[in-house]
Amino acid sequence: SAQIPKKKYETYFIDEPENGFSPEIFAKFQQEIISNQGTLMFVTHNLLFLEEFADQILVLKYGECIGHYSKNNFFNSEDPYISYIAKMGC
């Protein structure tokens, strides 16, 4: 399983963290970054993971940003495309 890095950075970028972290370890990792006033950005297609850990959601379609949402606005969006993603995954 993945280890929490010892060195402190301002921003962390992680691709599909659910493939390398258990939810418990990722929660500790996230809290460590937040407590040090850092930023954690991650890419995921796992909506349960997104719903549990994301505060803000950036939606990309073919590499182009098509929306930036708070978690609540994303999961309750009335936009048909975003609503589909929020319910079905991407």
Side-chain angles (χ1 to χ4, degrees):
S1 74
Q3 297 291 321
I4 296 174
K6 302 273 188 259
K7 187 170 182 176
K8 308 292 185 219
Y9 296 97
E10 290 181 27
T11 305
Y12 291 81
F13 295 93
I14 301 175
D15 185 26
E16 303 285 350
E18 65 276 16
N19 292 331
F21 289 95
S22 70
E24 298 79 17
I25 295 294
F26 190 75
K28 289 178 185 176
F29 178 60
Q30 183 182 40
Q31 288 307 311
E32 176 78 17
I33 292 168
I34 291 168
S35 69
N36 288 305
Q37 300 181 343
T39 300
L40 173 61
M41 298 177 72
F42 62 92
V43 175
T44 186
H45 295 92
N46 181 326
L47 294 179
L48 295 174
F49 201 85
L50 184 69
E51 191 168 22
E52 183 174 351
F53 294 107
D55 294 322
Q56 299 289 314
I57 299 168
L58 186 66
V59 179
L60 303 176
K61 183 176 183 182
Y62 302 114
E64 182 180 337
C65 177
I66 62 167
H68 177 211
Y69 302 88
S70 70
K71 180 174 20 185
N72 187 49
N73 287 342
F74 175 79
F75 283 103
N76 295 305
S77 177
E78 293 184 19
D79 177 291
Y81 183 74
I82 300 305
S83 179
Y84 173 78
I85 291 171
K87 289 181 178 70
M88 304 300 291
C90 32

Q) Nearest 0.5 Å, what's the CZ-CD1 distance between F75 and I57? A) 5.0 Å
Q: Would you give the length of the straight line joining atom CG of N46 to atom CD of E52, rounded to the nearest 0.5 angstrom?
A: 9.5 Å
Q.
Using the rule given for ring-ring contact (aromatic ring centres under 6.0 Å, His included), can you reason through F42 versus F53, listing the C-alpha separation, both sets of side-chain angles and the distance that settles it, and then say yes or no?
A. CA-CA 10 Å; F42 62 92; F53 294 107; 7.0 Å; no
Q. What are the two closest heavy atoms between E51 and K71, and how far apart are they?
A. O-NZ, 2.7 Å
Q. Among all residues two or more places apart in sequence or in another chain, which pass the side-chain hydrogen bond (donor to acceptor under 3.5 Å, both in side chains) test with E10?
A. none
Q.
Suppose we screen for side-chain hydrogen bond (donor to acceptor under 3.5 Å, both in side chains). Which residues come up paired with N72, at least two apart in sequence or across chains?
A. N76
Q: Kindly give the heavy-atom pair with the smallest separation between I85 and F74, and that separation in Å.
A: CG2-CZ, 3.7 Å
Q: Can you measure from CD (Q30) to CZ (F21) and round to the nearest 0.5 angstrom?
A: 11.0 Å
Q) Taking C-beta and beyond as the side chain, do F49 and N19 meet within less than 4.5 Å on heavy atoms? A) no
Q. Got a second to check how far Q56's CD is from L58's CG, nearest 0.5 Å?
A. 9.5 Å
Q) What distance separates N73 CG from E78 CD, expressed to the nearest 0.5 Å? A) 10.5 Å
**Q.** Distance-minimising heavy-atom pair for S83 and S77
**A.** CB-O, 3.6 Å
Q) What is the minimum heavy-atom distance between I33 and T39, and which atoms define it? A) CG2-N, 3.8 Å
Q | Co-members of M41 in a cluster of I, L, V, M, F, W and Y side chains, linked at under 4.5 Å | A | F13
Q | Interatomic spacing from NZ in K28 to CD in E32 - rounded to 0.5 Å | A | 11.5 Å
Q: With the side chain counted from C-beta on, respond yes when F29 and I14 share a heavy-atom pair under 4.5 Å apart, and no when they do not.
A: yes
Q | ILVMFWY cluster, Y81 and L50 together (side-chain gap under 4.5 Å) | A | yes
